[in-house]
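In what follows, a structure is listed as structure tokens, so that the remarks can point back to it.
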Amino acid sequence: MRKGIQIICALLVSSMLNAQQLETLIQEALVNNPSIQKLDYQYQVAVEKVNEVNTLGNTEFNFGFMAVRPEMDMPMERFSVSAMQMLPWFGTLPAKKAYAESVADAQLVDVDIAQRKLALSISQLYYQIYEIQAQQEVLAQNKTLLQTFEKLALTSVRVGKASPVDVMRLQIRQNELQEEIDVLNQKSVGLKAALNSLMNRDYDTPIQIVSDLEFPKNEEILAYESLNNNPELLKYDKVAYSVDQSEKLNQKESSPTLGVGVEYINQDAHPMITSSVKDMVMPMLSLSIPIFNKKYTSVSVQNEIKKQEIQAQKNERLNLLTAELSKAISQRKQSRIKFDVQKDNLEIAKNAEKILLKNYETGTIDYDEVLKIQELQLKFQKNQIQAIKDYYEQTSLIDYLIQL
């Protein structure tokens, strides 16, 4: 069950060679997350129920004695002891066991689904934190760049080639960038607390995130047929199989029930009865026949309707998952396109910046244009980071949807 999760982790972190691996976080969460533990305990209970149903019913013991002895000139019973064991029809116990096992198998799929959803949630939080940290880095770089322009502007003011207002505008922009950095830092604290919560550890436990992500050169070929192996769909198959086992059990329970036992009767000694036969041992056999079996017929009809309902639910879920997979694939392709466009735009903006810096030698630098170019560069850099984050988030979703 956990092998599939490990494969997912390997795909999600294939480009992460440094820093704390996402796989490590996921594996730790799978062990410590209370929701997973709860479902695992429920599965263990379901497995134990197999032993519960694979047993005969209670053996019935009866004991009777003569409390008031009438005055009669004949042998009298002093006490009697009997034991009776009811036996289900042939094959009923194996049918009960098979049904209990099918229920346990269905609950095991619930554990698998929960594990995969947990891996998806952790991955999404991880990439959101990556986006924040990457944005903070480019904000800091742009702030440093503005500090360089501020020094140039101060020099220009001293020689009368720039206005003090230009310096103030550059300073204001630096303050705005610092504000963004601080706000993102608080947002990161919240996301890390959420991630630590999923891992069932202290909210402020340090989390090391990869510093750089790149688009993979090649992408795996996706087949929509792989959706049929998604545990959310396999769950319906397991439940349908459980209904089949329930129907087999219903057929067995509609059969007669046998009872075998023995009764021992102890009598007073009497001249009429020899000592060898004064006590009696009587074997007993009982048969319980469900003559009015409308109940079992109704259960059979209900089971057939349940199977049709389950198939309809599976088809509905398959359609939703197919649409979700198609959307994820499309958005992942969009992310790569957006990144490439932003890369080209950023290159153009950097060339414009070089021209502005070269113009400084002639004293014709326009600090208003400097701010505009700086804002464009920052916009393109942010868009690139978001595109990478979106790409890996959609990859996480695709890996969840397609069972590997």
Side-chain angles (χ1 to χ4, degrees), residues 19 125-195 204 206-214 335 337-393:
L125 285 172
Y126 186 93
Y127 294 128
Q128 290 171 21
I129 297 172
Y130 160 78
E131 179 185 24
I132 289 176
Q133 293 189 173
Q135 286 184 352
Q136 287 177 315
E137 183 177 349
V138 298
L139 286 168
Q141 291 172 354
N142 278 269
K143 183 181 176 183
T144 301
L145 178 62
L146 288 179
Q147 289 173 346
T148 300
F149 281 116
E150 181 186 354
K151 293 178 181 179
L152 296 178
L154 287 171
T155 302
S156 297
V157 169
R158 284 195 293 267
V159 297
K161 293 183 179 181
S163 168
V165 176
D166 293 327
V167 178
M168 294 177 183
R169 291 173 63 187
L170 290 168
Q171 291 174 340
I172 291 173
R173 183 54 183 157
Q174 291 177 55
N175 291 337
E176 290 175 344
L177 294 181
Q178 185 60 49
E179 177 189 5
E180 287 189 62
I181 293 173
D182 294 339
V183 170
L184 287 174
N185 186 60
Q186 291 304 313
K187 186 177 180 180
S188 176
V189 170
L191 291 176
K192 288 181 179 179
L195 183 55
D204 57 351
I207 298 177
Q208 189 177 5
I209 303 295
V210 64
S211 60
D212 187 35
L213 282 175
E214 296 180 355
S335 298
I337 294 172
K338 289 178 181 179
F339 181 87
D340 292 339
V341 172
Q342 300 306 312
K343 181 180 179 181
D344 293 339
N345 288 340
L346 183 59
E347 186 66 27
I348 296 173
K350 287 183 177 180
N351 290 334
E353 177 187 277
K354 291 178 182 179
I355 294 174
L356 286 174
L357 288 175
K358 197 167 185 179
N359 287 343
Y360 177 73
E361 298 174 0
T362 63
T364 60
I365 188 169
D366 187 339
Y367 289 101
D368 183 54
E369 291 298 321
V370 167
L371 285 174
K372 290 181 180 179
I373 291 297
Q374 183 271 334
E375 290 176 3
L376 280 176
Q377 285 191 53
L378 182 58
K379 173 186 174 182
F380 299 148
Q381 289 173 316
K382 284 183 176 180
N383 288 343
Q384 279 187 311
I385 294 170
Q386 183 179 4
I388 292 176
K389 187 267 296 184
D390 290 343
Y391 179 90
Y392 279 94
E393 274 193 337

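The structure displayed is predicted, hence computed values, not measured ones.
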Passes side-chain hydrogen bond (donor to acceptor under 3.5 Å, both in side chains), E393 versus Q128? Steps please. CA-CA 9 Å; E393 274 193 337; Q128 290 171 21; 3.3 Å; yes

Show your working on side-chain contact (heavy atoms from CB on, under 4.5 Å) between Y130 and I388 and close with a plain yes or no. CA-CA 10 Å; Y130 160 78; I388 292 176; 4.1 Å; yes

From CA spacing to verdict: side-chain contact (heavy atoms from CB on, under 4.5 Å), K358, I355: CA-CA 5 Å; K358 197 167 185 179; I355 294 174; 5.6 Å; no

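The environment of Q147 atom CD is dense: over 12 non-hydrogen atoms of other residues, nucleotides or ligands sit within 6.0 angstrom.
For the atom pair L195 CG and L191 CG, the distance stands at 9.0 Å (nearest 0.5 Å). Atom CG in L376 sits 9.5 Å away from atom CD in E369 (nearest 0.5 Å). Atom CZ in F380 sits 14.0 Å away from atom CD1 in I385 (nearest 0.5 Å). The distance from atom CD1 of I209 to atom CD of E131, rounded to the nearest 0.5 Å, is 12.5 Å. Once rounded to the nearest 0.5 Å, the distance linking CD of Q133 with CD of Q208 reads 9.0 Å. Here the CE atom belonging to M168 is positioned 8.0 Å from the OG atom belonging to S163, to the nearest 0.5 angstrom.
When every heavy atom of Q342 is checked against every heavy atom of N383, the shortest pair comes out as OE1-ND2, 3.2 Å. Smallest separation of non-hydrogen atoms from A153 and L170: CB-CD1, 3.8 Å. Between V210 and Y126, the shortest heavy-atom distance links the atoms N-OH, 3.1 Å. The two residues P164 and V157 have their closest heavy-atom pair at N-CG2, 4.0 Å. Counting all heavy atoms, side chain and backbone alike, I373 lies closest to A352 at CD1-CB, 3.7 Å. Closest approach of K192 to I129, counting heavy atoms only: CG-CD1, 3.7 Å.
Using a cut-off of 4.0 Å between Lys/Arg side-chain N and Asp/Glu carboxylate O, E176 and R173 are scored as salt-bridged.
Defined by atom type and a distance below 3.5 Å, a donor-acceptor pair is present between the side-chain atoms of N142 and Q374. With no hydrogens or angles considered, a side-chain donor-acceptor pair links D182 and Q178 at under 3.5 Å.
Put simply, the residue from Q141, E353, K382 that forms a side-chain contact (heavy atoms from CB on, under 4.5 Å) with Q377 is E353.
No side-chain heavy atom of E179 sits under 4.5 Å from any side-chain heavy atom of N175.
Under a 3.5 Å cut-off, the side chain of Y367 and the backbone N or O of E150 do not form any donor-acceptor pair. A donor-acceptor distance shorter than 3.5 angstrom exists from the side chain of T144 to the backbone of A140, with no hydrogens or angles considered.
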